[in-house]
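The block underneath contains the structure these notes are about, expressed in structure tokens.
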There are 2 protein chains.
Amino acid sequence: MNKIAHVGIAVKDLDAALALFRDVLGLHVEYRRVVPDQGVEIVGLPVGESEIELLRPLSETSGVAKFLEKRGEGIHHICFEVDDVEAALRNLEARGYELIDKTPRIGSDGRRLAFVHPRSTHGVLIEFYEKK
Amino acid sequence: MNKIAHVGIAVKDLDAALALFRDVLGLHVEYRRVVPDQGVEIVGLPVGESEIELLRPLSETSGVAKFLEKRGEGIHHICFEVDDVEAALRNLEARGYELIDKTPRIGSDGRRLAFVHPRSTHGVLIEFYEKK
């Protein structure tokens with residue numbers, strides 16, 4: 001694993017969250033986009049080599065909406081940049097970890113990504129993201 | 001804010017968590033130490049310019065123990081490295097954010113740190129850590 005690519009934070013209202021992370025804490029918005037296949041609108045704010053990724057659910061059935069309903073706003077997942085998402089998945093699978101994505105999906109920027117289920121990883125929703 | 005200093009993960013058993021983060025995901029243990037005034041034993045595993053910080057409560061009354069009881073294992077807080085912890089606290093206080101530490105405390109390595117209450121920061125427990 002090369003670095004923390006981003007830390008995802010589930011929020012109800014992106015603009016309210018930007019009032020903290022952009023206006024008070026001084027981060028800048030690198031991008032803001034709707035990702036329909038993940039059911040979210042996301043805002044990326046770089047900090048060092050990583051990003052804060054604010055996530056707002058697009059519908060009540062999205063995973064982020066269920067997270068908000070169950071736990072309220074807060075840190076949702078951590079994403080690590082890896083050289084090879086496929087190899088990372090096979091490594092975990094061989095040791096009995098439960099994958100959400102058995103094969104990588106393609107992200108909105110064309111890079112491969114995959115999620116591991118928090119049930120088998122100490123409650124931590126882990127995402128792998130392919131190196132640029 | 002310069003970078004993500006670390007992401008803190010609350011766990012019940014450090015060795016069980018190391019079986020994932022060290023043995024499977026390949027991170028190395030930089031340090032392992034007991035921090036009595038925070039009521040935790042911590043293990044630091046660098047990844048890029050940041051660290052994963054595994055936290056185990058030392059007693060049932062520690063903040064991390066309460067977190068585990070309420071929410072189970074999972075991501076507990078995010079720590080940003082800043083040049084000046086005192087200035088970061090005054091900035092948030094002036095805008096009405098609720099601080100856990102109104103003045104910085106001194107960490108186990110002698111650097112200043114402080115926590116901001118998640119009630120006013122979209123459910124995110126934020127820590128500031130002074131630059132080395």
Side-chain angles (χ1 to χ4, degrees), chain A residues 1-14 16-21 23-28 45-52 54-55 67-68 70-82 88 91-97 116 118-126 128, chain B residues 1-14 16-21 23-27 45-52 54-56 67-68 70-82 88 91-97 116 118-126 128:
Chain A
M1 302 201 295
N2 303 321
K3 63 171 186 173
I4 296 175
H6 62 257
V7 173
I9 298 173
V11 301
K12 294 172 186 167
D13 180 327
L14 287 172
L18 285 171
L20 170 63
F21 288 97
D23 304 340
V24 178
L25 296 179
L27 301 181
H28 79 272
L45 306 106
V47 53
E49 67 185 11
S50 307
E51 283 181 358
I52 295 299
L54 302 174
L55 307 154
F67 178 93
L68 286 172
K70 191 175 167 192
R71 309 189 57 157
E73 294 186 312
I75 302 175
H76 177 262
H77 70 276
I78 183 167
C79 177
F80 296 104
E81 184 192 276
V82 296
N91 178 33
L92 283 166
E93 193 176 46
R95 293 157 188 261
Y97 288 89
V116 183
R119 258 198 296 269
S120 57
T121 52
H122 300 274
V124 180
L125 177 56
I126 294 176
F128 295 119
Chain B
M1 303 203 294
N2 303 322
K3 64 172 186 173
I4 296 175
H6 62 258
V7 174
I9 298 173
V11 300
K12 293 172 187 168
D13 180 328
L14 287 172
L18 285 171
L20 170 63
F21 288 97
D23 303 340
V24 179
L25 296 179
L27 302 180
L45 304 106
V47 52
E49 67 184 12
S50 307
E51 284 180 358
I52 295 298
L54 303 174
L55 307 154
R56 176 188 73 84
F67 178 93
L68 286 172
K70 191 176 168 193
R71 308 189 59 157
E73 293 186 312
I75 302 175
H76 177 263
H77 70 276
I78 183 167
C79 177
F80 296 105
E81 184 191 276
V82 296
N91 178 33
L92 283 166
E93 192 176 48
R95 293 156 188 262
Y97 290 88
V116 183
R119 257 199 297 269
S120 56
T121 52
H122 301 274
V124 180
L125 177 57
I126 294 175
F128 294 120

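Quick note on labels: first sequence line is chain A, next is B, and so on, each numbered from 1.
With a 4.5 Å cut-off on non-hydrogen atoms, Ala16(B) touches chain A through its backbone and its side chain both. With a 4.5 angstrom heavy-atom cutoff, Arg95(B) touches chain A only via side-chain atoms.
Side-chain contact check for Val124(A) versus Leu20(B): every heavy-atom pair is 4.5 Å or farther apart.
Atoms CG and CE, from Leu45(B) and Met1(A) in turn, are 8.5 Å apart once rounded to the nearest 0.5 Å. A distance of 5.5 Å separates CG of Leu25(B) from CG of Leu92(A), quoted to the nearest 0.5 Å.
Judged by distance alone, with hydrogens and angles left aside, the side-chain atoms of Asn91(B) form a donor-acceptor pair with the main-chain N or O of Val24(A) at under 3.5 Å.
In terms of heavy atoms, Val11(A) sits closest to His122(B) at CG1-CB, 4.3 Å.
Comparing Pro46(A), Ala17(A), Ala10(A) by heavy-atom pairs within less than 4.5 Å of chain B, the highest count is held by Ala17(A).
Of all residues in residues 73-81 of chain B, those placing a non-hydrogen atom less than 4.5 angstrom from a non-hydrogen atom of chain A are Glu73(B), Gly74(B), Ile75(B), His77(B), Ile78(B), Phe80(B).
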